[in-house]
S.K.: 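Next up is a structure, given as structure tokens.
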Amino acid sequence: MFDSLKKELSRRALLHKAGFGLMGLSVAGVVGQIIKPVRTFAQAAPAPSKEPSLPPEKKLGWAVVGLGKFATEQIMPSFAECKRSKLVALVSGDRAKAEKYAQQYGINPKNIYNYQNYDSIRNNPEVDVIYIILPNGMHAEYSIRGAQAGKHIMCEKPMANTVEECQAMINAANKANRKLMIAYRAQYEPYNLATIQLAQSGKLGKLKSITSDHGRTLNPKDPADIWRMQKKLAGGGSLYDIGIYSLQAARYITGEEPVAISAMMYSTPGDSRFREVEENVNFVLRFPSGVLANCTSSYGYSNTKRIQVFGSDAVLELDPATDYYKHRLVIKDKNGNQEQKIEEKNQFALEMDHLCESIMQNKQPKTPGEEGLQDVRLMQLIYEAARTGKTIKV
Ligand code: NAD
């Protein structure tokens with residue numbers, strides 16, 4: 001059914017077998033980022049990135065669609081740290097807000113669009129890439145319209161509400177011969193890359209189990225959380241929003257695709273936040289190598305972003321694991337606990353520059369549309385497993 005997905009997943013399986021880690025990650029680069037280790041699991045000498053920033057005229061121009069919390073607080077400020085990307089256009093339903101940010105970021109007001117004249121962005125040669133940072137239920141429409149306007153697309157997670165929408169986005173990008181990347185920032189973040197490298201290189205012994213917990217309290221008074229309570233705009237509840245990080249972690253740490261899924265779901269009865277979307281989902285994934293992943297996802301407990309990897313020789317703890325900054329990685333083995341210090345980098349800048357590099361070198365991005373489709377497909381199976389109480393064979 002999903003031919004491009006199957007092709008992409010087998011490409012990754014080959015890379016994994018060849019020892020390159022998940023999705024073609026260059027693990028050598030990751031190892032090089034570890035600084036001042038108490039005891040070195042990864043042995044390579046530090047190799048800091050020496051790549052200079054491109055001059056402004058050579059950077060690719062980005063348009064940000066949706067000027068909400070994440071766009072304005074994380075993504076737009078991160079362009080200052082990009083080497084290949086520059087912010088040149090804004091798309092918003094609120095002209096005054098867009099003008100305020102245009103002034104702040106030195107964007108020409110002629111490069112402000114709204115949701116009605118969005119398609120005319122095709123006539124703007126300054127815009128190479130469009131970054132979709134809208135509610136999940138709007139990702140498909142704006143990605144497809146953006147690709148049809150001849151632009152490359154970065155789309156926030158989760159890719160879309162349904163697998164059909166994901167496939168339509170992939171088809172639109174392919175038809176327009178444009179790149180489509182899903183903004184899985186953790187796959188560009190140094191602590192997570194080091195975790196992948198340590199897990200896949202055998203430094204923890206044989207991998208046995210992974211736990212990953214992602215939770216936060218949904219705030220019905222926060223405008224950014226209001227649409228998250230509506231199924232049409234959110235696609236799902238905590239699983240679609242943050243449980244996806246638990247699912248991602250299990251997949252990128254093993255470098256494998258799950259073969260069986262079981263799950264349970266529970267929402268506090270009478271809590272008006274959970275009329276349309278779920279509060280808690282716990283799910284178990286079994287991978288071909290035998291690794292079991294215990295994952296949790298919640299809108300009911302306080303901020304948690306934690307990963308643990310259990311190997312036959314050592315246990316790795318990453319907590320916080322998928323935050324914006326201040327990650328903490330500890331390895332526990334027979335010699336005690338060692339914290340691994342790694343240089344923090346702006347993961348948003350890294351992922352945006354990765355898409356630019358993929359465009360400039362005409363390569364498939366590391367987290368293409370197929371990666372987003374696979375998560376949406378698996379999240380649907382997690383819901384099915386929870387609803388039916390059956391273990392689902394993938
Ligand atoms: P937000 O509500 O702050 O931003 C959404 C923007 O969309 C707002 O500017 C809003 O005005 C606009 N919008 C347009 N039409 C809308 C409609 N019909 N209903 C509601 N808003 C509408 O939300 P956010 O937290 O910035 O999330 C936006 C996207 O970014 C989501 O897909 C979310 O999953 C993703 N996100 C990703 C991360 C990450 O770490 N990668 C973090 C936060 C959010």
Side-chain angles (χ1 to χ4, degrees), residues 63-78 90-101 112-116 118 130-143 145-146 153-162 165-166 169 181-189 191-192 214-249 252 276-277 297 299 303 305 320-327 346-352 354-355 367 371-372 375-376 379:
V64 165
V65 186
L67 304 182
K69 204 170 177 172
F70 185 62
T72 58
E73 293 178 12
Q74 305 303 329
I75 297 303
M76 286 156 60
S78 295
L90 302 172
V91 183
S92 171
D94 183 338
R95 177 83 199 181
K97 180 161 70 167
E99 278 177 0
K100 183 189 98 180
Y101 283 113
I112 297 175
Y113 296 84
N114 56 40
Y115 299 118
Q116 286 71 44
Y118 171 58
I130 294 177
Y131 193 163
I132 311 297
I133 320 185
L134 291 165
N136 310 337
M138 300 172 76
H139 289 180
E141 178 189 342
Y142 285 85
S143 296
R145 283 169 65 184
I153 305 293
M154 174 82 93
C155 179
E156 261 310 322
K157 47 53 63 179
M159 181 172 176
N161 286 6
T162 65
E165 284 178 340
C166 295
M169 291 162 73
M181 173 169 154
I182 309 306
Y184 283 123
R185 59 181 172 78
Q187 293 200 40
Y188 302 87
E189 189 284 315
Y191 275 85
N192 281 271
H214 285 82
R216 71 178 185 88
T217 309
L218 196 68
N219 177 1
K221 296 205 174 94
D222 183 341
D225 277 357
I226 290 171
W227 64 261
R228 284 176 164 91
M229 297 187 289
Q230 301 164 23
K231 181 128 198 304
K232 192 161 175 266
L233 284 172
S238 70
L239 180 62
Y240 262 52
D241 191 30
I242 47 177
I244 191 170
Y245 289 99
S246 296
L247 173 62
Q248 270 277 301
Y252 59 66
E276 295 188 24
V277 299
S297 165
Y299 268 158
N303 206 10
K305 299 168 174 178
T322 54
D323 226 329
Y324 299 154
Y325 296 100
K326 297 194 175 153
H327 302 85
N346 182 321
Q347 58 196 300
F348 311 112
L350 290 174
E351 70 177 349
M352 289 193 282
H354 174 79
L355 178 53
T367 52
E371 174 75 356
D375 277 345
V376 171
M379 290 192 294

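We count ligands from 1, going down the list as the structure has it; atoms in each ligand are counted the same way.
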S.K.: For atom 16 (C) of ligand 1, what's the nearest protein heavy atom and its distance?
M.R.: Met138 SD, 3.7 Å
S.K.: Does the ring of Tyr324 carry Lys305 above it, NZ/CZ under 6.0 angstrom from centre and within 45° of its axis?
M.R.: yes
S.K.: Which one holds for Arg228 and ligand 1: side chain close, backbone close, both close, or neither close, with close meaning a heavy atom under 4.0 Å?
M.R.: side chain
S.K.: How close does the nearest protein non-hydrogen atom get to atom 9 (O) of ligand 1, and which residue and atom is it?
M.R.: Gly68 N, 3.0 Å
S.K.: How far apart are the closest heavy atoms of Leu355 and Ile153, and which atoms are they?
M.R.: CD2-O, 3.9 Å
S.K.: Is there a heavy atom of Tyr184 sitting under 4.0 angstrom from any atom of ligand 1?
M.R.: no
S.K.: If we set the cut-off at 4.0 Å for heavy atoms, which region of Leu134 has an atom near ligand 1: side chain, backbone, both, or neither?
M.R.: both
S.K.: Which of the listed options, Val64, Thr322, Asn136, holds the heavy atom that is closest to atom 32 (O) of ligand 1?
M.R.: Asn136
S.K.: Counting only heavy atoms closer than 4.0 Å, does ligand 1 sit against the backbone of Lys97, its side chain, both, or neither?
M.R.: side chain
S.K.: Could you report the tightest heavy-atom contact between Ala234 and Arg228, atom names first, then the distance?
M.R.: CB-O, 3.7 Å
S.K.: Can you find an N/O atom of Ile133 closer than 3.5 Å to an N/O atom of ligand 1?
M.R.: no
S.K.: Which is it for Lys157 and ligand 1 at heavy atoms under 4.0 Å: side chain, backbone, both or neither?
M.R.: both
S.K.: What I want to find out is whether Lys69 reaches Asp222 closely enough, with some N-O distance under 4.0 Å, to be called a salt bridge.
M.R.: yes
S.K.: Against heavy atoms of His139, which atoms of ligand 1 measure under 4.0 Å?
M.R.: 32 (O)
S.K.: Can you tell me the protein heavy atom closest to atom 14 (C) of ligand 1 and the distance?
M.R.: Tyr115 OH, 3.6 Å
S.K.: Please check: side-chain N/O of Ser297 versus main-chain N/O of Ser238, any donor-acceptor pairing under 3.5 Å?
M.R.: yes
S.K.: Once you restrict to heavy atoms under 4.0 Å, what part of Leu233 touches ligand 1? Side chain, backbone, both or neither.
M.R.: side chain
S.K.: Stepwise, does the side chain to side chain donor-acceptor pair (under 3.5 Å) test hold for Tyr131 with Glu156?
M.R.: CA-CA 8 Å; Tyr131 193 163; Glu156 261 310 322; 2.5 Å; yes
S.K.: Say whether, by atom type as modelled, one donor and one acceptor occur between the side chain of Glu189 and the main chain of Asn192 under 3.5 angstrom.
M.R.: yes
S.K.: For the pair Gln248 and Glu371, evaluate side chain to side chain contact (heavy atoms under 4.5 Å, CB included) and give the outcome as yes or no after the intermediate values.
M.R.: CA-CA 9 Å; Gln248 270 277 301; Glu371 174 75 356; 2.9 Å; yes
S.K.: Starting from atom 40 (O) of ligand 1, which protein heavy atom do you reach first, and at what distance in Å?
M.R.: Arg185 NE, 2.6 Å
S.K.: Pull out every atom of ligand 1 sitting under 4.0 Å from any heavy atom of Tyr324, numbered as shown with elements.
M.R.: 40 (O), 42 (C)
S.K.: Test side chain to side chain donor-acceptor pair (under 3.5 Å) on Asp241 and Tyr299; report intermediate values, then the result.
M.R.: CA-CA 9 Å; Asp241 191 30; Tyr299 268 158; 2.9 Å; yes
S.K.: Could you check whether any side-chain N or O of Arg95 sits under 3.5 Å from a backbone N or O of Asn114, counting only pairs where one atom can act as donor and the other as acceptor?
M.R.: no
S.K.: Relative to atom 7 (O) of ligand 1, which among Ser92, Ala160, Pro135 owns the nearest non-hydrogen atom?
M.R.: Pro135
S.K.: Could a heavy atom of Gly93 be found less than 4.0 Å from some atom of ligand 1?
M.R.: no
S.K.: For the residue pair Phe70 and Phe348, is the inter-centroid distance of their aromatic rings smaller than 6.0 Å?
M.R.: yes
S.K.: Which word best sums up how the rings of Tyr142 and Tyr115 line up, parallel for under 30°, tilted for 30 to 60°, or perpendicular for over 60°?
M.R.: perpendicular
S.K.: How does Phe70 reach ligand 1, if at all, at less than 4.0 Å between non-hydrogen atoms: by side chain, backbone, both, or neither?
M.R.: both
S.K.: Have a look at ligand 1 and work out which part of Glu156, if any, has a heavy atom under 4.0 Å from it: side chain, backbone, both or neither.
M.R.: side chain
S.K.: Nearest protein heavy atom to atom 3 (O) of ligand 1, by residue and atom, and its distance?
M.R.: Lys69 N, 2.7 Å
S.K.: Any heavy atom of Tyr245 sitting closer than 4.0 Å to ligand 1?
M.R.: yes
S.K.: Return the residue, atom name and 0.1 Å-rounded distance of the protein heavy atom closest to atom 23 (O) of ligand 1.
M.R.: Trp227 NE1, 3.4 Å
S.K.: For Tyr191 and Ala321, indicate whether the former's side chain and the latter's backbone hold a donor-acceptor pair under 3.5 Å.
M.R.: no
